[in-house]
Undergrad: 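What follows is a structure written as structure tokens; I'll ask about it next.
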There are 2 protein chains.
Amino acid sequence: MDEHRDITLAKKHIYRMTPQRKVILEEVRKMNNHPSADEIYEAVRKKLPRISLGTVYRNLEILSEQGEIQKLELTDSVNRYDWDTRKHYHIRCVRCGRVDNAPIAPMQQLENELYGATVFTILGHRLEFIGLCPECSKKLSCLKNNPPDK
Amino acid sequence: MDEHRDITLAKKHIYRMTPQRKVILEEVRKMNNHPSADEIYEAVRKKLPRISLGTVYRNLEILSEQGEIQKLELTDSVNRYDWDTRKHYHIRCVRCGRVDNAPIAPMQQLENELYGATVFTILGHRLEFIGLCPECSKKLSCLKNNPPDK
DNA sequence: ATGATATTGAAAATTATTTTATAAATGGTG
DNA sequence: CACCATTTATAAAATAATTTTCAATATCAT
Ligand SMILES: [Zn+2]
Ligand SMILES: [Zn+2]
Ligand SMILES: [Zn+2]
Ligand SMILES: [Zn+2]
């Protein structure tokens with residue numbers, strides 16, 4: 001919705017390092033599965049049981065603004081977060097939502113191909129692969145052999 | 001959320017052609033700007049003032065399931081719909097949300113590059129360019145010359 | 001026309017996320 | 001250390017897009 005913020009840049013904030021923010025960052029750095037805000041909330045709660053979900057959202061936003069983590073906005077209803085801030089692509093399981101890194105190098109040149117061919121000023125691109133994780137592949141091939149209602 | 005539906009295929013529906021569905025399809029086919037459900041609702045309301053937003057959503061879903069239109073799930077909070085069902089990429093304005101077609105051919109071979117390198121079964125990919133439409137580019141360069149608060 | 005089933009409209013529910021309002025914590029300064 | 005201007009946390013309410021529910025029609029192949 002409010003994608004304006006980063007562009008019409010408001011006044012600079014001086015961020016403080018709070019225990020909450022510190023724990024959130026530590027937990028995200030431990031998680032290799034591209035967790036959602038809710039999954040991070042659950043992990044952080046084990047360290048700080050009184051933390052609120054709103055705090056987790058706010059800090060994830062700040063941390064990605066600061067470049068400490070990366071916010072992944074995939075074609076999914078939930079956003080995910082990545083400790084790895086380097087540009088890389090992902091593959092998402094269409095059935096369970098699992099997200100893995102896609103072992104393919106970023107292709108900056110894709111944007112060049114568009115240059116001059118569009119009236120837009122190109123700022124970037126987003127590439128996401130869609131697929132089935134091994135577990136879901138298995139479940140579905142079973143289902144195919146034994147259909148739900150004959 | 002429920003991306004399961006198309007996969008664990010439920011029982012076949014026999015769809016009827018209702019006046020509502022017909023008008024919705026006609027209106028989408030007239031719109032070249034990748035409209036959202038709400039924008040389609042507003043257009044359809046001029047023909048059928050008593051239609052409900054829920055009906056529009058339901059029919060857009062059915063029509064894309066049937067391949068009559070294409071549902072675009074971009075990295076945005078709102079989904080958009082496209083009368084053009086051919087595979088093609090889009091470029092989205094990060095500021096106002098305008099979506100244009102991206103004049104670049106679909107690259108099926110991207111998926112081949114991943115084949116064997118991931119444990120996922122690859123089903124497809126999604127590529128979206130991010131940028132600024134001419135109007136927003138202009139507004140922002142003005143803003144840069146006259147910052148909001150001195 | 002009849003009946004089985006699909007569809008509608010209106011409202012309520014859901015989901016992910018953001019905002020709001022207080023109270024509490026932080027960090028620089030005298 | 002004490003003061004103060006912020007920033008931040010918490011809990012709850014608000015938002016926004018979409019989906020679900022359900023009783024009342026509408027549709028279409030007999
Ligand atoms: Zn899966
Ligand atoms: Zn990653
Ligand atoms: Zn724009
Ligand atoms: Zn298009």
Side-chain angles (χ1 to χ4, degrees), chain A residues 1-6 10-25 27 34-42 44-45 47-66 68 71-81 92 96-97 99 149, chain B residues 1-6 10-25 34-42 44-45 47-66 68-69 71-81 92 97 99:
Chain A
M1 187 89 304
D2 186 15
E3 315 205 53
H4 305 205
R5 188 141 62 90
D6 26 343
K11 78 159 188 282
K12 270 265 162 45
H13 266 261
I14 294 137
Y15 293 111
R16 295 169 178 171
M17 183 46 74
T18 62
Q20 289 87 341
R21 187 165 304 154
K22 191 142 149 286
V23 172
I24 290 169
L25 180 53
E27 289 305 311
H34 305 92
S36 64
D38 209 71
E39 288 163 345
I40 295 163
Y41 173 56
E42 288 308 330
V44 170
R45 232 135 79 94
K47 300 282 173 63
L48 303 173
R50 306 227 30 188
I51 201 170
S52 83
L53 181 56
T55 299
V56 172
Y57 269 106
R58 188 168 3 84
N59 278 296
L60 288 171
E61 201 58 42
I62 291 170
L63 287 169
S64 33
E65 220 169 88
Q66 305 283 218
E68 296 287 346
K71 181 178 183 176
L72 303 181
E73 314 192 87
L74 306 183
T75 313
D76 208 354
S77 50
V78 295
N79 290 143
R80 295 170 173 282
Y81 299 85
R92 180 170 58 88
C96 71
V99 173
D149 34 52
Chain B
M1 187 91 303
D2 187 15
E3 312 205 55
H4 305 206
R5 188 142 62 93
D6 28 341
K11 78 155 186 283
K12 270 266 162 45
H13 265 261
I14 295 139
Y15 293 110
R16 294 169 179 173
M17 183 48 72
T18 63
Q20 290 87 339
R21 187 165 304 153
K22 193 142 147 288
V23 172
I24 291 168
L25 180 53
H34 305 93
S36 64
D38 210 71
E39 288 163 345
I40 295 163
Y41 174 57
E42 289 307 331
V44 170
R45 232 134 78 96
K47 301 284 174 63
L48 302 172
R50 307 227 28 187
I51 201 170
S52 83
L53 181 55
T55 299
V56 173
Y57 269 107
R58 188 164 2 87
N59 279 296
L60 288 172
E61 200 58 42
I62 291 170
L63 288 168
S64 34
E65 220 170 89
Q66 306 283 223
E68 297 286 347
I69 60 174
K71 180 178 185 177
L72 303 181
E73 316 193 85
L74 307 182
T75 314
D76 209 354
S77 49
V78 295
N79 290 144
R80 296 170 172 282
Y81 299 86
R92 179 170 58 89
V99 173

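Lettering of chains follows the sequences in order, A, B, ..., and the numbering in each one begins at 1. Everything quoted here is computed from the prediction, not taken from an experiment.
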Undergrad: Hey, does B:Thr75 have a side-chain heavy atom less than 4.5 Å from the side chain of B:Arg92?
TA: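 Answer yes - side chains close enough.
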Undergrad: Kindly say whether A:Ile24 contributes a backbone atom to a donor-acceptor pair with the side chain of A:Glu27 at under 3.5 angstrom?
TA: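 Such a contact is absent between A:Glu27 side chain and A:Ile24 backbone.
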Undergrad: Rounded to whole Å, how long is the line connecting atom NZ of A:Lys22 with atom C1' of D:dA9?
TA: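 It is 17 Å, rounded to the nearest whole Å.
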Undergrad: Start at the 5' end of DNA chain D and walk down; is the nucleotide closest to A:Ser52 or to B:Tyr57 reached first?
TA: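 On the 5' side of the pair lies A:Ser52.
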Undergrad: Got a sec, which residues hit salt bridge (Lys or Arg N to Asp or Glu O under 4.0 Å) with A:Arg16, two or more places apart in sequence or on another chain?
TA: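 Salt bridge (Lys or Arg N to Asp or Glu O under 4.0 Å) check on A:Arg16 returns nothing, list empty.
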Undergrad: N/O contacts under 3.5 Å, protein versus nucleotides 11-14 of chain C?
TA:
none

Undergrad: Are B:Ser77 and D:dA16 close enough that a side-chain N or O sits under 4.0 Å from OP1 or OP2?
TA: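 For D:dA16, neither OP1 nor OP2 has a side-chain N or O of B:Ser77 closer than 4.0 Å.
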Undergrad: If you compare every side-chain N and O of A:Asn79 against the phosphate oxygens of C:dA16 (OP1, OP2), does one of them come in below 4.0 Å?
TA: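 False: A:Asn79 side-chain N/O out of range (4.0 Å or more) of C:dA16 OP1/OP2.
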Undergrad: Quick one: A:Tyr15 OH to C:dG27 C1', roughly how many Å, whole number?
TA: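 It works out to 17 Å between those atoms.
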Undergrad: Please identify each residue that fulfils side-chain contact (heavy atoms from CB on, under 4.5 Å) with A:Thr55, with sequence neighbours left out.
TA: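 So A:Thr55 forms a side-chain contact (heavy atoms from CB on, under 4.5 Å) with A:Gln20, A:Ile51, A:Ser52, A:Arg58, A:Asn59.
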Undergrad: Which atom names give the shortest non-hydrogen contact between A:Ala37 and A:Val56, and what distance separates them?
TA: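 Reported closest heavy-atom pair: O-CG1, 3.9 Å.
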Undergrad: Any chance you could measure B:Glu65, atom CD, to B:Tyr15, atom OH, to the nearest 0.5 Å?
TA: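 Output value for this atom pair is 4.0 Å.
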Undergrad: Roughly, in whole Å, what's the span from OH in B:Tyr81 to P in D:dA17?
TA: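 It works out to 12 Å between those atoms.
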Undergrad: Would the distance check show the side chain of B:Arg80 and the main-chain N or O of B:Leu72 forming a donor-acceptor pair, the cut-off being under 3.5 Å?
TA: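 Such a contact is absent between B:Arg80 side chain and B:Leu72 backbone.
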Undergrad: To 10°, what angle do the rotation axes through the five end pairs on each side of the helix from C:dA1-D:dT30 to C:dG30-D:dC1 form?
TA: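 It comes to 30° between the two terminal axes.
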Undergrad: Looking only at the side chain of B:Glu61 (C-beta and beyond, no hydrogens), which of the listed nucleotides D:dT19, D:dA11, C:dT17 gets closest?
TA: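 From the listed options, D:dT19 comes nearest.
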Undergrad: How would you list, by chain and number, every residue that makes a salt bridge (Lys or Arg N to Asp or Glu O under 4.0 Å) with B:Lys22, sequence neighbours excluded?
TA: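 By the salt bridge (Lys or Arg N to Asp or Glu O under 4.0 Å) rule, B:Lys22 matches no residue at all.
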Undergrad: State which residues pass side-chain contact (heavy atoms from CB on, under 4.5 Å) with B:Lys71; sequence neighbours excluded, sorted by chain then number.
TA: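 B:Lys71 satisfies side-chain contact (heavy atoms from CB on, under 4.5 Å) with B:Glu61, B:Ser64, B:Glu73, B:Asn79, B:Tyr81 only.
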Undergrad: Rounded to whole angstrom units, what separation is found between the CD atom of A:Glu39 and the C1' atom of C:dT17?
TA: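 So the two atoms are 16 Å apart, to the nearest Å.
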Undergrad: What's the CZ-C1' distance between B:Arg50 and C:dA10, to the nearest Å?
TA: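 Interatomic distance, CZ of B:Arg50 to C1' of C:dA10: 10 Å.
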Undergrad: Would you mind classifying the nucleic acid contact of B:Asp38 as base, sugar-phosphate or nothing, using non-hydrogen atoms under 4.0 angstrom?
TA: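 Nothing: the residue B:Asp38, judged by heavy atoms under 4.0 Å, touches no strand.
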Undergrad: Measure the spacing between CD of B:Gln66 and CZ of B:Arg21 and express it to the nearest 0.5 Å.
TA: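 Reported value, rounded in 0.5 Å steps: 7.5 Å.
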Undergrad: Over how many whole Å does the gap from B:Ile40 atom CD1 to D:dT18 atom P extend?
TA: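 Taking atom P of D:dT18 as the reference, CD1 of B:Ile40 is at 10 Å.
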Undergrad: A:Arg21 has an atom CZ; how far is it from atom C1' of C:dG27, in whole Å?
TA: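 Distance, rounded to whole Å: 14 Å.
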Undergrad: Nearest 0.5 Å, please: how far is CD1 in B:Ile69 from CG in B:Leu63?
TA: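 If we round to the nearest 0.5 Å, B:Leu63:CG and B:Ile69:CD1 are 5.0 Å apart.
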Undergrad: Check the distance between D:dT15's C1' and A:Leu53's CG and give it to me in whole angstrom.
TA: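 Computing the A:Leu53:CG to D:dT15:C1' distance gives 15 Å.
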Undergrad: Within the sub-3.5 Å range, which N or O atoms of nucleotides 26-30 of chain D have a protein N or O partner, and how far apart are they?
TA:
| residue | atom | partner | partner atom | Å |
| --- | --- | --- | --- | --- |
| D:dT27 | O2 | B:Arg16 | NH1 | 2.9 |
| D:dT27 | O2 | B:Arg16 | NH2 | 3.0 |

Undergrad: Holding to side-chain hydrogen bond (donor to acceptor under 3.5 Å, both in side chains), I want the full list of residues that pass it with A:Tyr57, two or more places apart in sequence or in another chain.
TA: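 If we apply the side-chain hydrogen bond (donor to acceptor under 3.5 Å, both in side chains) test to A:Tyr57, skipping adjacent residues, there are no hits.
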Undergrad: From the list D:dT8, C:dT8, D:dT18, which nucleotide is the closest neighbour of the side chain of A:Arg58?
TA: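 The answer is D:dT8.
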